[in-house]
Amino acid sequence: MASSHAANLWVLLGLGLAGILLMTKKLKKSIREDFGAFIEKLQLLPPPQPAPPKAPHPLTALTFAVSDVFDIEGYATGFGHPDWARTHEAASRTAHVVSTLVEGGATCVGKTVVDELAYGINGTNKHYGTPTNPESHSRVPGGSSSGAAVAVAAKLVDFSLGVDTVGGVRVPAAFCGVMGFRPSHGAVSQMGVIPVSTSLDTIGWFARDPNVLRRVGHVLLQLPFSVQRSPRQIIIADDCFELLKIPIDRVDRVVIKSTEKLFGRQVLKHENLGDCFNSKVPSLKGFHKTNGELKSSSIRMLANVMLLLQRHEFKHNHEQWINSVKPALDTAVSAQIHELLEMDDAELENCKSIRREMRSAINFLLKDDGLLVIPTAGYLPPKLSGKELLSEDYQNCLFTLSSIASISGCCQVTVPLGQYDKCPISVSFIARHGGDRFLLDTVKSMYASLQEQADIVASSKPSSNAVSQEQSAEIAKEKGNQAFKDKQWQKAIGFYTEAIKLIGNNATYYSNRAAAHLEQGSFLQAEADCTKAINLDKKNVKAYLRRGTAREMLGYYNEAIEDFSYALVLEPTNKRAAQSADRLRKMFM
């Protein structure tokens, strides 16, 4: 009897396991088919290969997909909404960019999902379903060109096309762990592509392989041959990296190590973009009163300008259709589109001025051979239906980082750097407007080194937290030194303060901060920092000299003479100490 019950139990258990396996296979099959990336499968074949000795087509044997905003002859373009497809005729001709790629030897295999009216940034679509992020199934793929990014990440195609208005290629590339390129504004024809915001729209593309990314770029941008150049400066945007929600070292350290290895340490620089834009983009002050706020406020202001332009131009392009058809729109999209928007001619002209000044500012900063380094997205891809998707900080962070290239019209590339917490992470490089070839060439040459360094950083486990803090403190100190050299005193103080917070017993950090306080005329703070430095290191000559200077300015002449005299004891050949002590003795003794 017992054996009979046992046999029945094993039968039931076997059936249960079989059911679980069957369900698992079904789930895997539903994800594996196309990850929800495609709306429609099709095939546009390239022309026959030219006869030798002519070279074969440059994109031979490559397959690609296009977001459902590109016209393909005989197919209705859906724009992420079934009502759009229903109310528009099939396209009478194929978009110029698609034809160019097919003529270049590539095969187009289908149309992919976009956010509703290509207006979102998360990659969700209630009508066609949200494509599954191949790198993290429980998280959003990013938008608006979600399906195109997913198709590449899932290895369904070699490359794909999307539209980048406020991050529509760069963000999904970051969230899906692939490369995404936004070219210089106006560099690629938009004939046969549904516009979102004309002054911000660009045709971008995704790829897993930097060689493919570059080959597609050469075809689309019609780039003439030129000798590849190495960058003369790679600028880390410090205030942008402060927006990162993961350890900064996971991204900037990878770039720094790779740059040092390939081009040398002298190429690296640090910059606070907020300071740069405050001085180089004066029209930002006319857009909104800053009330004296500097630093990050100017780059955050750019996001507001970008979103205002996007909304204004989108409504100009599509408001009549929306009012006529009254499509069922996602709540978030509807709220933005229907928000009351009053933008007079003066405000619109000011936005145009900001765009011109931004382009000039970035071009001046980078010149012909410089790259700007920023995070692509400050956040990891949020969970599907997660609260983060509606978080104001999440949206501000994404749009702030995206606005730099969107407003300036400069080219930007997203490069994956492995994973953190089982989610893709990335970095972005920006080149001046028109520097597309330089950017594509440089990223191709750096890609292998970036991946190597990303693996090293990801696998490195410091022996203790103190070691990691010491490294971070030294990085902050070096940034402070650079800011001091550039006469950005307050910025230098900020970096030295960051180093002190990490390692509070380093005399050099206090002494260096004192030097910046002296330049600002903050003599009490300088004296206090020097005293702290001297308590930590009785032989710190610079701390005695700086405290002597602070005390002299405060009128503590005897104490100042003592400091200069003691510095001279420690370093008898120090001319500054000798001259300062003699001068004060003659004046007051």
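- Taking a cutoff of 4.0 Å between a charged side-chain nitrogen and a carboxylate oxygen, E260 and R265 qualify as a salt bridge.
- Ion pairing between a basic and an acidic side chain is recognised when a charged N comes within 4.0 Å of a carboxylate O; D164 and R170 show such pairing.
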Give every donor-acceptor pair under 3.5 Å between a side-chain atom in residues 90-105 and any protein atom, sequence neighbours left out.
from	atom 1	to	atom 2	distance (Å)
T94	OG1	E73	N	3.1
S99	OG	A95	O	3.4
T100	OG1	H96	O	2.8

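- By the ring-ring contact (aromatic ring centres under 6.0 Å, His included) test, F79 pairs with W84, H318, sequence neighbours left out.
- A donor-acceptor pair under 3.5 Å is formed between the side chain of H81 and the backbone N or O of D83.
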| field | Worked check of side chain to side chain contact (heavy atoms under 4.5 Å, CB included) between M306 and F399 | value | CA-CA 8 Å; M306 177 183 74; F399 290 134; 3.7 Å; yes

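- Legend: residues meeting salt bridge (charged side-chain N to carboxylate O under 4.0 Å, His left out) with D238, ordered by chain and number and at least two apart, are K479.
- Contact between V325 and T87 at its shortest, heavy atoms only, is CG2-CG2, 4.1 Å.
- N125 and T130 form no side-chain donor-acceptor contact under 3.5 Å, judged by distance and modelled atom types alone.
- Y379 is linked by a ring-ring contact (aromatic ring centres under 6.0 Å, His included) to Y394, counting only residues two or more places apart in sequence or in another chain.
- Taking the centre of each ring, H185 and H433 stay at or above the 6.0 Å mark.
- The six-membered or imidazole ring of F159 lies away from that of W205, with a centre-to-centre distance of 6.0 Å or more.
- Under 3.5 Å, the side chains of T60 and Q49 contain a donor-acceptor pair of N or O atoms.
- The existence of a salt bridge linking D369 and R229 is excluded, since no basic side-chain nitrogen approaches an acidic carboxylate oxygen closer than 4.0 Å.
- Side chain of Q190 to main chain of D201: a donor-acceptor pair is present (N/O by atom type, distance under 3.5 Å, no hydrogens or angles).
- Listed by first and then second residue, the salt bridge (charged side-chain N to carboxylate O under 4.0 Å, His left out) pairs that reach into residues 376-394 are K245-D393, sequence neighbours excluded.
- Listed by first then second residue, pairs satisfying salt bridge (charged side-chain N to carboxylate O under 4.0 Å, His left out) with a partner in residues 419-440 read D368-R432, R437-D441, not counting sequence neighbours.
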